[in-house]
There are 2 protein chains.
Amino acid sequence: MTKSGVGARGGSTTGARTRERIVEAAIETLKTEGFAGASARAIARTGGFNQALVFYHFGSVNELLLAALDATSQTRMARYRDAVDGVENLGDLFRVATEIYAEDLDAGHIKVLAELMAASTTFPQLRTEIVARVEPWVRFTEEALTRHMEGSPFAQLLAPKDVAYAIVALYLGMEMLANLDDNRDRADAIFATGARFAALFESFGA
Amino acid sequence: MTKSGVGARGGSTTGARTRERIVEAAIETLKTEGFAGASARAIARTGGFNQALVFYHFGSVNELLLAALDATSQTRMARYRDAVDGVENLGDLFRVATEIYAEDLDAGHIKVLAELMAASTTFPQLRTEIVARVEPWVRFTEEALTRHMEGSPFAQLLAPKDVAYAIVALYLGMEMLANLDDNRDRADAIFATGARFAALFESFGA
DNA sequence: GTCTATACTTGGATAGAC
DNA sequence: GTCTATCCAAGTATAGAC
């Protein structure tokens, strides 16, 4: 509703840059302080700007947080798309997924999503919005799987849609667990296990 | 710190029953309103008692919420232990896990944990406490797996500890996703896929 | 478009009556 | 051990100056 005046010229006005700064600060605060700590005041403190700007540019804190989720999702999706592009087989897919996931974990990208998902219990208005932002990830995973599972003898056993859903769930769960004990090793071990499995699959498929 | 006077006789005084009522209300509120909605006042409203009792009996809201997590964890652990007791093979294990997980999802048992895990980002004091309460679940899963994977040709490929960690992560993630879109079907599909896999494993092992 | 000031609300927590 | 009353801190959101 409340929007800054970005003209039809498409140039980035000062207002648009401020919006970006606010979104960045929101992401950072969400990562380090969690949802309950991501108040307008805390976000403003993080970004070094005025608290009232949040409401001027985004109307409410929750709307800002959704914009923050949009921003991370977009950059992360681009990264994943790019990385998955050069993949030739299921083993490669696993290796690539392992690497990027390590990035995610270190940088806390998934945390933004996880925090907002948990918060959507308290703020039902968030739910629909978040569903719409999770769905592309399930679809992306499903498509990547479909491409590389075709012809595999496991294709009949495993519906890509289900596997994709499970993988997204696993990512979320690992993020939560890893953040809890500050231990990436176990997530790494899971990927290693998955990789061994993928290798096994391919030996059957050959 | 602040504790009600439960005497050495072990009988349940009125104070002890009130504690229980508060814990139950906390669980209920956490499930329906989420962490951000689980204020002392909201919990008191749910349980029909006075808000000040939370502080008298538990010192702070967060300490109450941890007590709530303890309570659900205990009853759920008992349920899982009981159900897994009669299991003879990996296929059974899957069937049983599927059934109880459906209960969890419907009743929102895991939600209590998921909400508190997300909140632990904001309240670091919660973290250590929650780690201690997650660990038994990983261990329980690991032990159940170890019992039924022995002798399987996959035992060398899959370290029970890693698989257990992955399963706990998967449970958490599925809970979050299922609550998001109010759709249990996909979680069911994942279990069904897992069951087909377990059957495949056993056909190899026989 | 950004800042200051402020109104309003909710929640944590305690004191003191019962 | 429970309730009423209250204090205080923090947060959302808006009005109005700049």
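Within every chain, numbering begins at 1; the chains are lettered A, B, ... in the order of the sequence lines, protein sequences first and strands thereafter. Just so we're clear, the structure is a prediction, and the values are computed from it rather than from any experiment.
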Exercise. Any Lys/Arg nitrogen of Arg79(A) or Glu103(A) sitting under 4.0 Å from an Asp/Glu carboxylate oxygen of the other?
Worked result: yes

Selection from [options] that lies nearest to any side-chain heavy atom of [X]:
X: Leu53(B); options: dC3(D), dG11(D), dA13(D); result: dC3(D)
X: Tyr56(A); options: dG12(C), dG1(C), dA13(D); result: dG1(C)
X: Arg45(A); options: dT2(D), dC3(C), dG11(D); result: dG11(D)
X: Val61(B); options: dA13(D), dG12(C), dG1(D); result: dG12(C)

Taking [X] for its side chain and [Y] for its backbone only, find out whether a donor-acceptor pair lies under 3.5 Å.
X: Lys31(B); Y: Gly108(B); value: no
X: Arg127(A); Y: Asp181(B); value: no
X: Ser73(A); Y: Asp70(A); value: no

Exercise. Is the Lys NZ or Arg CZ of Arg95(B) less than 6.0 Å from the centre of Phe191(B)'s six-membered ring, within 45° of the axis?
Worked result: no

Exercise. Can Arg196(B) be said to sit on top of Phe94(B)'s aromatic six-ring, NZ or CZ under 6.0 Å from centre and within 45° of the ring axis?
Worked result: no

Provide, to the nearest angstrom, the distance between the [atom1] atom belonging to [X] and the [atom2] atom belonging to [N].
X: Asn62(B); N: dG11(C); atom1: CG; atom2: C1'; result: 12 Å
X: His57(B); N: dA13(C); atom1: NE2; atom2: P; result: 16 Å
X: Phe123(A); N: dG11(D); atom1: CZ; atom2: C1'; result: 11 Å
X: Phe58(B); N: dA13(C); atom1: CZ; atom2: P; result: 14 Å
X: Phe55(A); N: dC3(C); atom1: CZ; atom2: P; result: 15 Å
X: Ile22(A); N: dG1(C); atom1: CD1; atom2: C1'; result: 10 Å

Exercise. Using a cut-off of less than 4.0 Å, is there contact between a side-chain N or O of Thr18(A) and OP1 or OP2 of dT2(C)?
Worked result: yes

Identify all pairs in which a protein N or O lies below 3.5 Å from an N or O of nucleotides 4-6 of chain D, and state each distance.
unit_1: dT4(D); atom_1: OP2; unit_2: Asn50(B); atom_2: ND2; d: 3.3

Seminar exercise, completed: Of Asp104(A), Ile130(A), Thr72(A), Leu30(A), the one forming a side chain to side chain contact (heavy atoms under 4.5 Å, CB included) with Leu113(A) is Ile130(A)

